[in-house]
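Notes to accompany the following structure.
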Amino acid sequence: DCTGFTLRPVMGLLTPRDFLNSLAFRVFHSTQYIRHHSDPYYTPEPDCCHELLGHVPLFADPNFAELAQEIGLASLGASDEDIEKLATIFWFTAEFGLCREDTSIRAYGAGLLSSFGELEYALTEAPEKRSFEPSKTAIQKYPITQFQPVYFVADSFRDATSKLREFNTTMKRPFQVRYNPYTQSVEVLNSKDKVQHFARSISNEVQLLASALEQLQ
């Protein structure tokens, strides 16, 4: 209700393209199984604990939801090479991201929030912490069966989204897309009529914004 994101059950892992594409439509695919009781502190694949404790609370935050959807929108029509880069960005943000808050560093990645061991480790001086820069984050290699040696720290969700949008302009795609919140669908801007309609909607929003600012003065 807070952001329009919905959960959709899935039997197992999706391909990176299918998973990222779903984010564009504000859909998050969630696994349904739970880690084995013999090793409750580790699971080789994301389970219900990871999804519900790690991801779901963040999707209720509008700023994080916008960041996640931006990754999804960028994945539509992207090349295999760019899909790999976007999946890596998702890994270092939604899965293992850190964020500054005043003078502190907070964890928001689901891989950290659902693992108290790595959460504690990530906030020590042991791992390397770098500022979130999508062009560099996108090509950073990472392990999947051990604690991360490198984490990326965002100044804020809004700042990360802004940087991601700038990075997305460097990707070569055959079309541009936008999410229409009224129809809850993704529109492909591949014709003059669609672009003009989009321009009119932006103009109406700007007029509303100008009116609101005048009333506040």
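Keep in mind it's a predicted model, so treat the numbers as computed, not measured.
- Residues Gln184 and Arg26 bring no donor and acceptor atom of their side chains to less than 3.5 Å of each other.
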Tabulate below the donor-acceptor pairs under 3.5 Å that side-chain atoms of residues 200-211 make, not counting sequence neighbours, or state none.
from   : atom 1 : to     : atom 2 : distance (Å)
Ser201 : OG     : Phe198 : O      : 2.6
Asn204 : ND2    : Arg200 : O      : 3.3

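- Between Cys49 and Ile34, some side-chain heavy-atom pair lies under the 4.5 Å cut-off.
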Kindly list each side-chain donor-acceptor pair under 3.5 angstrom involving residues 149-157, sequence neighbours excluded, with atom names and distances?
from   : atom 1 : to     : atom 2 : distance (Å)
Tyr151 : OH     : Glu118 : OE2    : 2.6
Asp155 : OD1    : Arg100 : NH1    : 2.8
Ser156 : OG     : Asp159 : N      : 3.0

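- With sequence neighbours left out, Glu187 forms a salt bridge (Lys or Arg N to Asp or Glu O under 4.0 Å) with Arg178.
- Scanning for side chain to side chain contact (heavy atoms under 4.5 Å, CB included) contacts around Ser79 gives Glu81, Asp82, with sequence neighbours left out.
- Closest approach of Ala78 and Ala74 over heavy atoms only: CB-O, 3.6 Å.
- Between atom CZ of residue Arg106 and atom SG of residue Cys99 there is a gap of 10.5 Å, rounded to the nearest 0.5 Å.
- Not counting sequence neighbours, the partners of Glu128 by the salt bridge (Lys or Arg N to Asp or Glu O under 4.0 Å) test are Arg130.
- With a 4.5 Å cut-off on side-chain heavy atoms, Tyr108 and Asp61 do not count as touching.
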Exercise for review: Starting from the C-alpha separation in whole Å, work towards a yes-or-no answer on side-chain contact (heavy atoms from CB on, under 4.5 Å) for Phe28 and Thr6.
Suggested key: CA-CA 6 Å; Phe28 177 75; Thr6 60; over 6 Å; no

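- Side-chain heavy atoms closer than 4.5 Å link hydrophobic residues (I, L, V, M, F, W, Y) into clusters, and following such links, possibly through other members, connects Tyr142 to Leu98.
- Contacts of Asp193 classified as salt bridge (Lys or Arg N to Asp or Glu O under 4.0 Å), with partners at least two apart in sequence or in another chain: none.
- Considering CG of Leu164 and OG of Ser135, their distance stands at 11.0 Å, rounded to 0.5 Å.
- By the 6.0 Å contact criterion, CD on Glu166 is open, its count of non-hydrogen atoms from other residues, nucleotides or ligands being 12 or less.
- Of all heavy-atom pairs between Pro16 and Ala87, the closest is CB-CB, 4.3 Å.
- Considering only heavy atoms from C-beta on, Thr93 comes within 4.5 Å of Ile71 through its side chain.
- For Ala126, the side chain to side chain contact (heavy atoms under 4.5 Å, CB included) test picks out Tyr121, Thr124, with sequence neighbours left out.
- Within the 4.5 Å cutoff, the side chain of Ile105 has heavy atoms near those of the Lys129 side chain.
- Through side-chain heavy atoms spaced under 4.5 Å, either directly or across other Ile, Leu, Val, Met, Phe, Trp or Tyr residues, Val188 is tied to Phe25, Val27, Leu73, Leu76, Phe175, Val177, Tyr179, Val186.
- The side chain to side chain contact (heavy atoms under 4.5 Å, CB included) test applied to Glu133 returns Lys136, Lys163, not counting sequence neighbours.
- Contact detail for Leu112 and Leu119: the closest heavy-atom pair is O-CB, 3.4 Å.
- Between the Asp18 side chain and the Leu14 main chain, no donor and acceptor come within less than 3.5 Å of each other.
- Scanning for side chain to side chain contact (heavy atoms under 4.5 Å, CB included) contacts around Thr170 gives Phe167, with sequence neighbours left out.
- No close placement of the Phe92 and Phe132 rings is indicated, their centers lying 6.0 Å or farther apart.
- Here the closest non-hydrogen pair linking Phe147 and Gly117 is CZ-C, 3.7 Å.
- Grouping the Ile, Leu, Val, Met, Phe, Trp and Tyr side chains by contacts below 4.5 angstrom, directly or via other members, places Ile139 apart from Ile89.
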Expected list for residues 51-58: side-chain donor-acceptor pairs under 3.5 angstrom, two or more places apart:
from  : atom 1 : to    : atom 2 : distance (Å)
Glu51 : OE2    : Thr31 : N      : 3.1
Glu51 : OE2    : Thr31 : OG1    : 3.3
His55 : NE2    : His50 : NE2    : 3.2
His55 : NE2    : Glu95 : OE2    : 3.1

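- At a threshold of 4.5 Å between side-chain heavy atoms, the hydrophobic network of Ile, Leu, Val, Met, Phe, Trp and Tyr places Leu113 and Ile144 in one connected group.
- The distance from the OG atom of Ser22 to the CD atom of Gln69 is 10.5 Å, given to the nearest 0.5 Å.
- Put simply, CG on Leu86 and CZ on Arg17 are 9.5 Å apart, with the number rounded to the nearest 0.5 Å.
- Judged by distance alone, the side chain of Asp102 and the main-chain N or O of Ser104 form no donor-acceptor pair under 3.5 Å.
- For the pair Thr3 (side chain) and Phe59 (backbone), a donor-acceptor distance under 3.5 Å is present.
- At least one donor-acceptor pair closer than 3.5 Å links the side chain of Gln148 to the backbone N or O of Pro143.
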**Study point:** Full working for side-chain contact (heavy atoms from CB on, under 4.5 Å) between Phe90 and Phe19
**Key:** CA-CA 11 Å; Phe90 185 87; Phe19 177 78; 3.5 Å; yes

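- Here the side chains of Ile83 and Thr15 are not in contact, with every heavy-atom distance at 4.5 Å or above.
- No side-chain heavy atom of Asp80 sits under 4.5 Å from any side-chain heavy atom of Glu84.
- In this structure, Arg158 places its CZ atom where only 12 or fewer heavy-atom neighbours from other residues, nucleotides or ligands lie under 6.0 Å away.
- Looking at residues two or more places apart in sequence or on another chain, you find a side-chain hydrogen bond (donor to acceptor under 3.5 Å, both in side chains) between Arg165 and Glu66, Glu70.
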